[in-house]
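Note sheet for the following structure.
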2 protein chains.
Amino acid sequence: MARGVETRARILSVAREAVLWKGFDATSIDEIVAGAELTRSGFFYHFPDKNALAVALIDQHADEEREMLDGIFARAAELSDDPLQRVLIAMKLLAETVENVERDYPGCIVATAAFQDRLFSSDVREANRRAVAAWRDRFIAVFEELAESYPPRTSVEMADLADTVNTVLEGGIVMAKALGERRVLATQVLVLRNLLRLAFEPPRA
Amino acid sequence: MARGVETRARILSVAREAVLWKGFDATSIDEIVAGAELTRSGFFYHFPDKNALAVALIDQHADEEREMLDGIFARAAELSDDPLQRVLIAMKLLAETVENVERDYPGCIVATAAFQDRLFSSDVREANRRAVAAWRDRFIAVFEELAESYPPRTSVEMADLADTVNTVLEGGIVMAKALGERRVLATQVLVLRNLLRLAFEPPRA
DNA sequence: CAGCTACTGGACTGCCGGTACAGTGAAAAG
DNA sequence: CTTTTCACTGTACCGGCAGTCCAGTAGCTG
């Protein structure tokens with residue numbers, strides 16, 4: 001890795017850790033540069049300001065989440081050919097994943113940014129919007145495919161249902177943080193899984 | 001109203017407005033005292049520090065939400081005697097309420113506090129926990145009563161389902177903020193309403 | 001050897017939360 | 001009618017923070 005690229009990655013890694021634990025504005029640049037072993041000037045060489053750091057963190061986070069979802073859906077496809085079973089398996093895997101991930105990282109970059117957004121430039125808000133919209137599109141495709149074989153038993157737009165997945169994840173993180181009960185997040189994903197089953201599973205003949 | 005009480009209320013009112021729009025730490029004390037027409041010293045006479053302001057805001061917010069829920073459930077009880085219909089009416093009223101409230105206030109004090117909690121003292125976290133727990137208890141009672149007449153069609157704890165209501169509200173706010181689409185919140189409440197109907201409505205004979 | 005990249009180091013500005021403390025007008029208590 | 005208390009004002013100060021400016025420099029590259 002080239003000299004500059006490696007330093008930039010080190011900054012992002014240290015910043016990511018701190019931001020997920022403490023929130024964005026509780027993380028000072030001084031603290032980041034201490035962890036990444038460089039100077040304040042060095043930081044501002046790589047990022048014009050803290051907004052640029054936020055955008056880089058959001059983009060990186062979105063990439064990692066996309067890969068995580070790729071993995072989950074690939075595994076679900078291996079385990080079943082049935083569209084409904086695939087979704088239910090994917091939701092179970094998602095619950096397990098957040099259970100493990102959130103043990104280490106109690107925060108979520110997207111929500112953190114959303115609740116401090118007046119602090120941020122429009123670049124940051126736009127990066128955040130893109131990250132959420134990517135999840136929405138992903139789940140729209142999944143639910144529309146599902147609805148072809150399993151017509152939903154209630155009148156609901158697949159786009160809104162796609163948003164529900166994201167809503168439960170973000171809301172679950174808020175709840176877990178507010179209550180100080182980490183498992184709330186995984187539990188809520190499983191509740192959603194049960195409700196989705198009811199929404200698509202045909203009545204027993 | 002006594003002199004001091006009126007000033008304190010004015011501070012809370014100005015602070016509330018600013019915090020809901022911009023987040024807690026983007027709201028400076030200078031700005032609050034300017035809006036409330038007093039001095040910095042006057043502010044610190046009423047609140048020892050910003051944490052105390054946060055606690056007061058959370059408590060006030062929790063009271064208002066409790067009254068809102070009282071109103072919704074009272075109205076639902078007027079409109080139907082059937083437990084399931086009451087819940088469905090209440091969810092509809094809730095969706096309408098958030099639609100209107102969130103037109104003016106894009107934020108939620110609870111979530112705002114949850115995402116900046118490393119900045120706050122344990123007092124603030126505790127106030128936040130109490131506020132969320134109050135909602136949970138409220139909806140546990142509602143769903144347990146409902147389950148007596150309408151046994152749920154899926155295995156789910158009423159406590160977890162109670163949390164789901166809160167989860168969808170908090171998550172909906174995050175989504176609405178992140179996407180810049182206000183109506184997402186009300187839409188998600190209505191999606192949850194549909195899913196709850198499926199979870200409790202008996203199959204047509 | 002020249003020039004570019006990737007920094008270091010230090011001085012500086014302005015905003016913010018918070019502290020300290022002396023003074024003061026109005027109202028309630030004696 | 002005086003004294004005390006409440007509810008502040010005004011001013012000065014501190015340390016931490018983001019961000020700016022700029023001069024210097026080590027190392028790699030053509």
Side-chain angles (χ1 to χ4, degrees), chain A residues 1-19 21-58 112-113 115-125, chain B residues 1-19 21-58 112-113 115-125:
Chain A
M1 218 188 308
R3 216 152 75 87
V5 176
E6 196 270 341
T7 303
R8 196 187 140 96
R10 223 167 55 232
I11 293 171
L12 283 176
S13 158
V14 170
R16 177 201 158 92
E17 199 85 10
V19 167
W21 273 105
K22 309 195 298 180
F24 194 78
D25 48 55
T27 303
S28 73
I29 290 172
D30 278 333
E31 170 185 354
I32 294 168
V33 302
E37 288 175 329
L38 84 167
T39 59
R40 277 170 56 77
S41 309
F43 174 86
F44 284 108
Y45 177 81
H46 285 284
F47 300 97
D49 56 24
K50 233 184 158 186
N51 279 316
L53 174 67
V55 171
L57 283 175
I58 291 168
T112 298
F115 277 94
Q116 305 182 347
D117 68 353
R118 295 276 160 166
L119 246 50
F120 290 133
S121 67
S122 58
D123 289 353
V124 181
R125 280 196 290 279
Chain B
M1 217 189 303
R3 215 163 132 246
V5 176
E6 196 271 339
T7 303
R8 195 187 139 98
R10 223 168 54 234
I11 293 172
L12 283 176
S13 159
V14 171
R16 176 202 159 92
E17 199 85 10
V19 167
W21 273 104
K22 311 196 296 180
F24 195 77
D25 48 55
T27 303
S28 73
I29 292 173
D30 278 333
E31 173 186 349
I32 294 168
V33 302
E37 290 177 327
L38 82 165
T39 59
R40 277 168 57 77
S41 309
F43 174 87
F44 285 109
Y45 177 81
H46 286 283
F47 300 96
D49 56 24
K50 233 184 158 186
N51 278 316
L53 174 67
V55 171
L57 283 175
I58 291 168
T112 298
F115 277 94
Q116 306 181 346
D117 68 352
R118 295 276 161 164
L119 247 51
F120 289 134
S121 67
S122 58
D123 289 353
V124 180
R125 280 197 291 278

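Chain letters run A, B, ... following the sequence lines, proteins first and then strands; every chain starts at 1.
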* To do: Test L53(A) against every option in I32(A), V19(A), I58(A), V124(A) by the side-chain contact (heavy atoms from CB on, under 4.5 Å) rule and name the one that passes.
  => I32(A)
* Is there a side-chain polar atom (N or O) of Y45(A) under 4.0 Å from OP1 or OP2 of dA6(C)? -> yes
* Asked: How do S41(A) and F24(A) order along DNA chain D: which one's closest nucleotide is nearer the 5' end?
  -> F24(A)
* **R40(A) side-chain proximity, nearest of dG18(C), dA18(D), dC7(C)** => dA18(D)
* Structure fact -> To the nearest angstrom, the CZ-P distance between R8(B) and dA7(D) comes to 12 Å
* Structure fact -> Checking dC16(C), dG18(C), dG19(D) against the side chain of D30(B) (C-beta onward), the nearest is dC16(C)
* Asked: Given side chains that start at C-beta, do those of D25(A) and F24(B) come closer than 4.5 Å, heavy atoms only?
  -> no
* Structure fact -> Rounded to whole Å, CZ of F44(B) lies from P of dT19(C) at a distance of 7 Å
* Asked: Considering only side-chain heavy atoms of I29(A), which listed nucleotide, dC16(C), dC8(D), dA18(D), is closest?
  -> dA18(D)
* Roughly, in whole Å, what's the span from CZ in F47(B) to C1' in dA7(D)? -> 14 Å
* Asked: Quick one: are Y45(A) and L38(A) in side-chain contact, heavy atoms under 4.5 Å?
  -> no
* **Rounded distance (Å) that lies between atom C1' of dG17(C) and atom CG of D25(B)** => 12 Å
* How long is the gap from OG1 on T112(A) to NZ on K22(A), to the nearest 0.5 Å? -> 13.0 Å
* What about T39(A): does its side chain form a donor-acceptor pair under 3.5 Å with the base of dG9(C)? -> no
* Measure from CZ on F43(B) to P on dT11(D) and round the result to the nearest Å. => 20 Å
* Asked: Nearest-Å distance, CG (D49(B)) to P (dT19(C))?
  -> 7 Å
* To do: Could you check whether G42(B) gets within reach of a base, just the sugar-phosphate, or nothing at all, counting any heavy atom under 4.0 Å?
  => base
* Atom pair CZ (F43(A)) and CZ (R8(A)), whose distance is rounded to the nearest 0.5 Å -> 10.0 Å
* **Below 4.0 Å: OP1/OP2 of dA6(C) and any side-chain N or O of T7(A)** => no
* How many Å lie between CD1 on I11(A) and P on dA6(C), as a whole number? -> 12 Å
* **Nearest-angstrom distance from the residue atom CG of L38(B) to P of dG10(D)** => 11 Å
* Would one find a side-chain N or O of H46(B) under 4.0 angstrom from OP1 or OP2 of dA7(D)? -> no
